[in-house]
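Here is the naming used below: chain letters follow the sequence lines, and residue numbers restart at 1 for every chain. When reading the values below, keep in mind they use all heavy atoms of this one structure, side chains included, and skip hydrogens, waters and symmetry mates. A quick note: this is a predicted structure, and the numbers were derived from the prediction, not measured.
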Amino acid sequence: MALSITTWNVNSLRKRRDGLEGLVRLVEPDVICLQETKVRDEEFPSEWVKALGYPHIHAHGMPGYNGVAILSRHPLARLSVRSWLSKNDCRHISATIPLAGGIEIHSVYIPAGGDVPDPTKNPRFAHKLGFLEAFGKWSGVRRRGSPHVVLTGDLNVAPLPTDVWSHEKLLSVVSHTPREVELFDRAFKAGRWVDAVRHVVPAEERLYTWWSYRAPDWAKADKGRRLDHVWVTPALKPQIKWASALREARGWKTPSDHVPVTVVLEV
DNA sequence: ATGGTTGGTAGCCAA
């Protein structure tokens, strides 16, 4: 059977009710991984999420910032919350879907890192580098009894030259600096991950999942970056059937600055 | 070189 998984940084779930309805209407994902929900668990809008067709919810949020969730049409087991660098900042949860011997799904939100790409001047960039390093160590450890893993999220790094509108110009812009890309690549290689989206969309082709709110005309300028990713474990590689970034979602009324990214697996 | 917009939540911080 087909299993479709979407990851989307919604930049406030409560502001994205229409957006989520649009996503479900167009894509009908079986599982939706969210980042930047910006809602504490007591205020999570479970009722309308369930009414959209996602009765199984795993959420971990806090006031104002961050927050991740997994919405599912399939039951979720082994619900887990992970904290990074001794902070409980609601950036990583996982759950297992009881298909194909268990598919462990992760929703991850890596720190954006602020504007200045110098860890001695910008503590948020230092935090991002530390996070990427720790994430890389974790990502290399494959756990027993969990044959399939799908890691999704706003990883806040655009690794390839074709993941940004200008490789040269963005070498000094947080999200595409050599140091970040190096740590990102190390995490990717350590886990023997497969980039499910680039498995479908060739690396030669430009692909973006985020466009700044600050551009007067995001579509015309088209200065995007691919910050949102779906990684799968090697055994799932032959099962990747389709992948796409829903570019049109950036043009919706009251959009997120990120668009949903979907991968379809045959499991 | 700077500022541009959005969101949360209370007069700025984070993205």
Next on the checklist: Would you say CZ of A/R192 has more than 12 non-hydrogen atoms from neighbouring residues, nucleotides or ligands within 6.0 angstrom?
Outcome noted: no

Item to check | Whole-Å P distance, B/dT6 and B/dG11 | outcome: 23 Å

Next on the checklist: Do A/W193 and A/S139 pair up side chain to side chain, a donor and an acceptor below 3.5 Å, judged on atom types alone?
Outcome noted: yes

Checklist outcome for this item: In the 5' to 3' direction, the nucleotides of DNA chain B bounding the stretch that comes under 4.0 Å of a heavy atom in chain A are B/dG4 to B/dA15

Checklist entry - Should A/V81 and A/H92 be marked as a side chain to side chain contact (heavy atoms under 4.5 Å, CB included) after you check the CA-CA gap, both sets of side-chain angles, and the distance that decides it? => result CA-CA 6 Å; A/V81 167; A/H92 188 173; over 6 Å; no

Checklist entry - P atom, B/dT5 versus B/dT9: distance in rounded Å? => result 22 Å

Item to check | Qualifying salt bridge (charged side-chain N to carboxylate O under 4.0 Å, His left out) pairs, either residue in residues 236-261 of chain A, two or more places apart | outcome: A/D222-A/R247

Checklist outcome for this item: Per nearest nucleotide of DNA chain B, the residue lying toward the 5' end, A/E43 or A/W210, is A/E43

Next on the checklist: Can you work out whether A/G113 or A/R16 has the more 5'-proximal nearest nucleotide on DNA chain B?
Outcome noted: A/R16

Checklist entry - What integer number of Å spans the P atoms of B/dA1 and B/dC12? => result 29 Å

Item to check | Residue-level proximity of residues 214-222 of chain A to DNA chain B when a heavy atom falls under 4.0 Å | outcome: A/R214

Next on the checklist: Less than 6.0 angstrom from the centroid, inside 45 degrees of the normal: does A/R198 satisfy that with respect to the ring of A/W231?
Outcome noted: no

Checklist entry - If you measure from the P atom in B/dG8 to the same atom in B/dG3, how many Å do you get, rounded? => result 25 Å

Checklist entry - Do the rings of A/F184 and A/H229 sit parallel, tilted or perpendicular, given the 30° and 60° boundaries? => result tilted

Next on the checklist: Ring centroids only, cut at 6.0 angstrom: are A/H176 and A/H167 within range, meaning strictly under it?
Outcome noted: yes

Item to check | Donor-acceptor under 3.5 Å (A/S212 side chain, A/R214 main chain) | outcome: yes

Checklist entry - Using the C1' atom in both, what is the distance from B/dG7 to B/dT2, to the nearest Å? => result 23 Å

